[in-house]
Each structure stands twice: as structure tokens, then as C-alpha cells.
Amino acid sequence: MDVSKDLKILLVEDAGVMRKMEVKTLKTLGIENIIEAENGEDAISKLELGVNPDLIISDWNMPVKDGFELLKWVREGEEYKKIPFLMATGRGEKKEVSMAKDAGVNAFISKPFNADELKEKILEAIGEIKEEDPSKVQRVAPVITDSGKVKLRIAHIQITDHLVLGVLKDLIRSGKLRPEHFELETVAMGGWNPVAKALENGSVDGACVLAPIAMDLYSHKVPIKLVLFAHKNGSIFVRNRKGGNFETERASFYRDKSFYLPHMMSIHNMLAHMFFKGIGLEAGVPGNHKVDVSLEVVPPVQMPQIVAQSEEAAGYFVAEPLGTKAIAAGNADLQFLSSELYEDHPCCVVTVQDDVIDKYRVAVEELSKMLVHAGKFIETNPGTAAEIAVKFLDPNGNLGLKVPLLKNVLTEPKGITTGDLYPDIEALDKIQHYMHNEMGIGNIIDVNEFVDISFANAACTNVSERKKAVLHNNPDRLNEILKKSIANKSDTAAKELLNKEGKYLIFTLDKQKYCMDILKIREIIRMVPVRSYPQSPEYVLGVINLRGSIVPVMDSRIIFNLPKINYDTKHFIIVLETEVDGKEIKMGIAVDGVSEVANVVADQIHNPPAFVVNEGSNYVMAIAKVDGKLNMIVDIDKLLYINQTDTPIQAQLELSEAV
């Protein structure tokens with residue numbers, strides 16, 4: 001069932017970047033009639049002026065008047081009390097859901113959410129569908145395959161924290177491991193909320209999930225057990241390169257900005273809280289009390305883009321490789337690795353449904369042993385593991401992950417470790433007590449009851465390899481982190497070059513050679529007749545019909561400030577395919593000629609000069625020396641955002657519908 005495109009939405013969200021993202025998500029559902037409000041008080045003013053929306057979508061945590069206060073005001077007023085109300089929050093705790101329901105909310109959604117989740121919750125809020133009661137959902141029993149093995153469906157998201165699952169899958173596929181009791185099906189999901197929901201409603205048999213999320217689910221009677229850690233360490237805190245000078249400003253660099261987390265129920269939130277507190281700042285969700293740094297929750301894969309496009313974003317704390325990716329792209333600087341503050345800490349854990357453990361204990365034990373084997377394989381074969389990671393974490397190329405970058409992440413001395421997956425119960429207990437006592441998040445559980453240690457005892461036989469987590473939450477360590485983050489400019493430069501390694505198509509313009517990432521290229525065709533398009537920018541040649549698809553074609557000579565020519569059949573169109581605003585688009589680039597595909601490695605790549613030679617040099621991200629000749633490496637993403645605006649050319653033209 002689709003959402004009516006005629007719905008009028010009052011969207012209440014204090015953070016500008018988040019509001020912009022949510023508007024974009026609503027528009028992907030076809031909803032255009034959106035009234036924006038900055039907080040509960042602003043929303044009340046608009047309601048009193050006669051906005052009369054069909055639905056209110058409100059953030060919970062906001063300054064001046066929060067979403068919960070807005071909800072109570074709406075329900076108390078005779079004129080407004082029947083307006084459907086959808087509450088959104090980054091906290092995502094079960095107790096918040098109960099509070100909102102008691103106050104009269106129609107539906108509740110936890111951040112971060114995607115378009116499909118939002119659509120479902122809108123339909124629920126307006127009464128088109130009923131809320132699914134997890135306690136009444138009939139769990140689908142695990143499937144027994146023709147081979148007599150149980151099929152285990154294990155959920156994950158696209159981060160290196162879950163690489164043990166991808167490596168195990170590859171080892172099984174290649175025949176290097178042959179499970180006797182189970183078949184493995186991995187289920188990639190778009191964020192933590194779908195993973196948590198899948199565990200809660202039993203649509204998966206297990207999952208790699210953030211430890212605090214798993215403990216929160218367990219505290220609310222979701223029948224799961226922790227059987228292993230998925231890894232230790234592996235997260236990274238990066239700060240935006242824009243918006244100030246950290247070397248001179250330090251704490252004030254972060255003040256009055258937003259900082260992004262993958263989930264409030266996460267080790268990232270705990271360590272960010274410690275860091276900001278240590279430098280004299282209060283970090284938290286906006287609300288009735290003033291915070292220095294506003295914490296916002298967004299899907300991990302969106303974080304690099306947010307930092308690249310907004311000075312309001314102070315930075316983010318996330319699992320790798322999404323931090324190194326932003327550093328490599330030149331948009332962020334390393335603040336610290338999570339292990340520098342909490343050595344050998346837990347983060348993601350492997351959880352399994354109780355009924356699977358009860359009925360298929362031998363299969364779960366075999367799975368545990370093979371995950372431990374996969375973890376050791378990653379540490380002894382980081383190059384091969386990086387190749388597997390690209391295919392497992394980025395099968396469609398949407399994240400732009402590259403093997404050298406992943407290998408760098410896997411070999412970082414203080415980065416992710418997978419050789420010791422034995423659960424550290426004391427560390428889990430320390431995490432839940434800090435978050436509950438110091439941050440007011442979560443409930444206290446009996447960790448010994450939550451962890452079924454028997455599987456780890458059978459799988460992790462080398463006791464000497466087990467390491468206990470060590471927390472370094474003290475002023476000396478924080479000062480060390482601050483000094484190191486300023487000094488490590490050479491490490492940042494090295495990561496930038498790693499991200500630029502890869503296979504490149506070499507093409508010519510005005511007798512000069514340029515390179516373009518082969519992964520973004522759909523195909524190369526000879527020049528065909530191009531139909532001009534009225535009132536399009538000068539750099540747009542027009543459109544072509546490519547096997548039924550309308551494809552805009554840009555004139556690369558105009559973009560690079562070169563003499564204009566009349567293109568003919570001697571010339572070529574490079575057809576790019578990329579994702580813009582969640583949509584796959586095709587774009588043509590007219591060039592003089594194409595020659596070869598070259599494999600370019602880091603030591604052949606040099607950053608461009610600091611000065612700008614001409615307008616076209618804005619689209620050159622590096623210089624590659626191939627066979628003794630210099631080739632300009634073109635930044636394809638910048639080509640799609642002409643003149644550094646935030647409006648992609650595809651959105652400017654809307655040629656697919658217009659022609």
C-alpha cells in the first residue's frame with residue numbers, strides 16, 4: 001500500500017541537516033506538501049495560524065518545547081486532538097515507546113529510518129494499517145534444507161564489524177569450510193533499527209548487532225542470547241575539516257554543532273559522551289536543558305555525505321570503514337580510534353534466538369567455531385579479507401569501498417581485531433552501568449544470564465589469546481588524544497591516497513590525458529546525435545536516447561574551461577551510473593577520445609597543487625603518473641554537483657520526465 005501523495009505533513013525537527021534529510025525521504029514517497037517547524041513552539045504557532053495538517057511528524061528531543069510536550073498540547077486541544085501524530089526519536093528505547101503511547105501517539109519510529117520504514121509508520125499513524133505486536137507475531141521456524149541441515153538466517157549491516165560473517169560465507173562458498181549441521185544465509189539490512197526489529201519479531205535466526213541494543217532487547221523479554229563477540233575495537237571518531245580550526249579552537253570547534261552517531265544504544269554514544277565531558281562540553285539530545293553538542297542519529301552509510309556537505313556537522317563516531325572513507329576523501333580528520341579510549345572494548349556481538357539454541361544447539365556450536373576461525377583468518381590474511389569485504393559490504397558499489405582502503409582498516413595497529421571473539425562479561429556490565437547511571441540510557445540486566453558462554457568456551461580454546469577490555473577515561477589519555485589528533489597529518493595524507501587507488505579509464509581532452517574511476521562507468525559509446533534541451537546550463541550538450549533511457553550528456557570541455565568543439569563520430573560519450581539522492585541515475589560525459597584502462601596504485605598518485613589553475617581544476621582530485629606521463633584524476637562526484645551547489649544536475653533537468 002502506498003502513502004497518498006495528497007497528505008499535508010507538519011514536520012517538526014530542530015536540526016537543519018536532519019530536517020533536510022527527512023524532507024528528502026518524504027519526497028521519495030511522493031509527498032510534496034510539507035510544512036517545516038523548528039521545534040514544538042514553532043509547530044504550535046503554525047497550527048494556531050491554521051496550517052491544519054493531515055499528519056504531524058515530530059522529533060522527540062528539541063529545545064524550547066520538545067516533541068512530547070507538543071504531543072500533550074495537541075491531544076489536550078479540542079481543535080487538534082484528532083490529528084494523527086507520528087513521534088520520531090534517536091533514543092529508540094522501549095520505555096520511550098510506552099510513554100508516547102500513554103500520551104496518545106498514533107505511531108512511533110526510531111531514528112535512523114529509511115523510506116520504507118517511514119512509509120509503514122505513516123500508514124500506521126493515519127490508520128491505514130495496524131501496528132504489528134511483536135508478542136503476537138508467530139515466529140517462522142528455521143528451515144531444514146534438502147541436505148538435512150538447518151538454514152541459519154543471520155542479519156548484519158555494511159560495516160567491517162560484521163566481516164567475520166562475510167569471510168565465513170566466502171570460506172563456505174569456496175569449500176574451505178564445510179558445515180555439517182547448518183547452511184548460512186546472510187541478510188544485509190540498511191540500519192540498526194531493522195536489525196533490532198528482525199530480532200524482535202523473529203524474522204531472522206540471529207544477528208550481528210550493537211551490544212547495548214542487544215541488551216536493551218533482552219531487558220524487554222526478546223528471547224535472544226549473546227554467543228560471541230563479532231569483533232573488538234574498530235570504531236573511529238572523525239571531525240569535519242570545515243567549520244573552524246581545531247588546532248586553535250579545540251572545545252569551541254564542537255560547541256553548538258551537531259555530532260552524529262549510528263545509534264544512541266551504542267558504544268559510540270558512551271565514548272563520545274566521555275570525550276566531550278573530558279574537554280568540558282556537555283553532549284546530548286536537544287531538549288529542555290541546554291547542551292553544548294547536539295547528538296543526532298543517522299544511518300552509518302549517510303555520515304560521510306553529511307560531513308562533506310554541511311559545516312553544521314562537527315563530525316561523527318562510527319564503525320569502520322566509514323570514518324577512514326571520509327578521511328580518504330579529504331572531508332574529515334581523525335580525532336581518535338575507539339581503542340585509544342577503551343582498549344579491546346566490545347562493540348557488536350553475535351546473538352541467536354533462544355529457540356534456535358534449544359533445537360539446534362549443535363549447529364549453533366558449529367557456527368560459533370567457524371566464526372572464530374573466520375576471525376583468525378581476517379587477522380592472518382588481511383589482504384584477502386579486504387577483497388572479500390568489498391564484495392560482502394559493498395556488492396553494488398554504492399559505498400565506493402576499495403580494497404586498499406579496507407586493507408588499511410584491517411591492519412591499523414589500534415583498529416578492529418577479530419582474533420579474540422570471547423565475550424568479556426565484565427566489559428558488557430561496565431558499558432550498561434555507565435550508560436544507565438551516567439547517561440540515563442537503558443536498563444540494567446543480569447549479563448551472566450544474557451550471555452550463553454558455553455559456545456565461546458567450545459570455540460575459543462586458546463585461553464592465552466583472551467584480552468580484557470581496559471578503559472582509559474582519564475585526563476592524561478584525553479590530552480594525549482588531543483595532541484595526537486593534531487600531529488597526525490601525515491597519516492591523513494596517506495589515507496587520502498589509498499582511497500584513490502584503483503582501475504581508471506584514461507581519456508583525452510584537448511590532447512591532455514585524464515583518468516576516471518572505472519567502477520562508476522556503465523559503458524562507453526561512440527558519439528551519437530544529441531538533442532539539445534531548452535534553457536539548460538551551458539555545460540549540458542543535451543540528451544540522448546540510450547536503449548529507451550533518456551540520458552543527459554555534459555560537455556567536459558566546457559566544464560574544464562577548454563575550447564568548445566563540434567563533436568562527431570570520432571568522439572566518445574562515457575556513460576556514468578551513480579546514486580544521487582537515493583536514486584540510480586545515468587549521465588553521459590562527452591570526451592575527445594578514450595585509450596586504455598590502467599591500474600593506478602598509491603605511489604603513482606600525488607595530491608594536486610594547492611593553488612587553482614582554472615575553473616576546471618576544481619574537478620581534479622589528484623594527479624597520477626602512469627608510464628611516465630601525468631594524468632589528471634577526475635572527481636566524478638563533483639562533476640555531478642556543478643559549481644559546488646548541492647543540487648545534482650539530474651534534479652536540475654528532470655529530463656527523464658520532461659523529454
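Heavy-atom basis, side chains included; hydrogens, waters and symmetry copies ignored.
In this structure, a donor-acceptor pair under 3.5 Å is absent between the side chains of His268 and Tyr316. In this model, no donor atom of one side chain and acceptor atom of the other lie less than 3.5 Å apart for Glu48 and Tyr80.
Classification of the Phe275-Tyr254 ring pair by plane angle, with boundaries at 30° and 60°, yields perpendicular. In this pair, Tyr434 and His273 present their aromatic rings perpendicular. The plane angle is above 60°, beyond the 30 to 60° band.
Under the 4.5 Å side-chain criterion, counting only non-hydrogen atoms from C-beta, Ile441 is in contact with Asn269. Annotation: side chain of Met274 is in contact with side chain of Leu471 (closest heavy-atom distance under 4.5 Å). In this structure, the side chains of Phe246 and Arg239 come closer than 4.5 Å at one or more pairs of heavy atoms. Proximity of Asp59 to Lys111: side-chain heavy atoms (C-beta onward) are separated by under 4.5 Å at one or more points. Under the 4.5 Å side-chain criterion, counting only non-hydrogen atoms from C-beta, Phe229 is not in contact with Val350. Put simply, the side chain of Val150 does not reach to within 4.5 Å of the side chain of Val143, judged on heavy atoms. When side chains are defined from C-beta on, Leu86 does not count as touching Ile126, because their heavy atoms never get closer than 4.5 Å. By the 4.5 Å heavy-atom criterion applied to side chains, Asp205 and Glu185 are not counted as neighbours.
Between the side chain of Ser310 and the main chain of Ile306, no donor-acceptor pair closer than 3.5 Å is present. In terms of modelled atom types and a separation under 3.5 Å, the side chain of Ser338 and the main chain of Ser235 share a donor-acceptor contact. Side chain of Lys257 to backbone of Gly243: a donor-acceptor contact under 3.5 angstrom is found. Side-chain N or O atoms of His436 include none that pairs as donor or acceptor with a backbone N or O of Gln432 at under 3.5 Å. Remark: side-chain polar atoms of Glu282 are not paired, donor with acceptor, to backbone N or O of Val293 under 3.5 angstrom. In this structure, Asp14 contributes its side chain and Glu38 its backbone to no donor-acceptor pair below 3.5 Å. Judged by distance alone, with hydrogens and angles left aside, the side-chain atoms of Thr28 form a donor-acceptor pair with the main-chain N or O of Thr25 at under 3.5 Å.
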* To do: Take Tyr342 and Lys430 through the test side chain to side chain contact (heavy atoms under 4.5 Å, CB included) and record every step on the way to the result.
  => CA-CA 11 Å; Tyr342 199 1; Lys430 184 177 289 186; 3.6 Å; yes
* Show the numbers, then the answer: is there a ring pair (Phe, Tyr, Trp, His ring centres under 6.0 Å) between His162 and Trp192? => CA-CA 13 Å; His162 301 168; Trp192 290 118; 5.5 Å; yes
* Test log, rule side chain to side chain contact (heavy atoms under 4.5 Å, CB included), inputs Leu217 and Thr351 -> CA-CA 11 Å; Leu217 290 171; Thr351 55; over 6 Å; no
* **Evaluation steps, side chain to side chain contact (heavy atoms under 4.5 Å, CB included), between Leu55 and Leu10** => CA-CA 6 Å; Leu55 172 67; Leu10 174 58; over 6 Å; no
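Minimum interatomic distance between Ile154 and Cys208 (heavy atoms only, all atoms of both residues): CG2-N, 4.3 Å. For the residue pair Ala332 and Arg241, the shortest heavy atom distance occurs at O-NE, 3.5 Å. Nearest heavy-atom pair across Met264 and Met435 is O-CE, 3.4 Å. Residues Pro84 and Asn106 come closest through the heavy atom pair CA-OD1, 3.3 Å.
Phe317 has its ring centre no less than 6.0 Å from the ring centre of Tyr260. Checked against the 6.0 Å centroid criterion, the rings of Phe108 and Phe85 do not qualify as a close aromatic pair.
For the side chain to side chain contact (heavy atoms under 4.5 Å, CB included) test with Leu226, the passing option among Asp452, Ile425, Leu428 is Leu428; the others fail. Screening Asp355, Asp358, Asp354 against Lys225 for a salt bridge (Lys or Arg N to Asp or Glu O under 4.0 Å) leaves a single residue, Asp354.
More than 12 heavy atoms of other residues, nucleotides or ligands lie within 6.0 Å of CD in Gln302, so this atom counts as buried by the packing criterion.
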